[in-house]
Amino acid sequence: MRGDDLVTGLLDGAVADPDAAASDLLSQVFGGYPIDRLRPLLHSGRPEAVRAGMWVVSELGERGVDLLDDVAGLLDHSSRYVRFFALDSVLAAADTRHGAVLTRAAELIGDPDDAVRWKTMHLLARATDTQVTAIGGPVGQRIGALLALPDADLIARLADDDRTVRLLAAAAAARRAGADPAALDAAIAADDPEVSSFAEEYDRLTARLRRPRRGTAG
């Protein structure tokens, strides 16, 4: 089976181009290759095998739910690439059964890597209400408190002394932007470049889904 050959080659380090092998493996999965046979890649000690496996799973959307427990352990992986795409999998596949996974994913808002923090903000901005409710621990409490604030108070948190609070406030502003863009507008204008760049990109990516800005024509 072609899929088995690709998995074995990645595990053994026998493929010349792991990225090309990962792309080929994804095609095999869409063609019927069993998803559970990707599991050894996610537990491999070979970095390129884990990277390939994690990317493939991240492309599966909800179909990756059966591997979510395996993905959970990769939220602490040493590779920023792996953590980044693990967040994609959590967003796409986690539900109320996966509170611990969602909590750990949300905690990456404090990750030392700015790309991982950016991806975590997107996860928190785009997660369903049930996913957000399932987030526990201190970060879950912070998110819930921020989402309950009126605009003026949420906007004030965008300039908080604590970077984590600023980033969580930016994600909260993005979540309410469809109904009221005021907080996201403030995030775009924020002094913190991490907040403003996230808000600008989120605004651009979701522009077609947004209501017209105040003072603009429909």
Scan the side chains in residues 55-68 for donor-acceptor partners under 3.5 Å anywhere in the protein, sequence neighbours excluded, and list what turns up.
| from | atom 1 | to | atom 2 | distance (Å) |
| --- | --- | --- | --- | --- |
| S58 | OG | W55 | O | 2.7 |

Separation of [Y] [atom2] from [X] [atom1] (nearest 0.5 Å):
X: D151; Y: D180; atom1: CG; atom2: CG; result: 4.5 Å
X: I109; Y: T164; atom1: CD1; atom2: OG1; result: 7.0 Å
X: I188; Y: S196; atom1: CD1; atom2: OG; result: 9.0 Å
X: L25; Y: R37; atom1: CG; atom2: CZ; result: 11.5 Å
X: L167; Y: D192; atom1: CG; atom2: CG; result: 6.5 Å
X: M121; Y: L108; atom1: CE; atom2: CG; result: 12.5 Å

Presence of salt bridge, [Y] and [X], under 4.0 angstrom:
X: R166; Y: D160; answer: no
X: E48; Y: R51; answer: no
X: R2; Y: D24; answer: yes
X: D111; Y: K119; answer: no

List, one per line, each side-chain donor-acceptor pair under 3.5 Å for residues 15-22, sequence neighbours excluded.
| from | atom 1 | to | atom 2 | distance (Å) |
| --- | --- | --- | --- | --- |
| D17 | OD1 | D19 | N | 3.2 |
| D17 | OD1 | A20 | N | 3.2 |

Requested in this report: Return yes if a side-chain donor-acceptor contact under 3.5 Å exists between W118 and E201, otherwise no.
Outcome: yes
Query - CZ (R80) with more than 12 external heavy atoms under 6.0 Å - result: no
Query raised in the report: Counting heavy atoms not belonging to D36, are there more than 12 under 6.0 Å from its CG?
Result: yes
Report summary line: Here the pair of heavy atoms bringing A190 nearest to V195 is CB-CG1, 3.8 Å
Counting only N and O atoms by type, is there a donor-acceptor contact under 3.5 Å from the side chain of [X] to the main-chain atoms of [Y]?
X: T120; Y: V116; answer: yes
X: R83; Y: H77; answer: yes
X: H98; Y: D95; answer: yes

Under 3.5 Å, side-chain donor or acceptor atoms of residues 132-149 against the rest of the protein: list the pairs with distances, not counting sequence neighbours.
| from | atom 1 | to | atom 2 | distance (Å) |
| --- | --- | --- | --- | --- |
| T133 | OG1 | D129 | O | 2.9 |
| R142 | NH2 | D162 | OD2 | 3.2 |

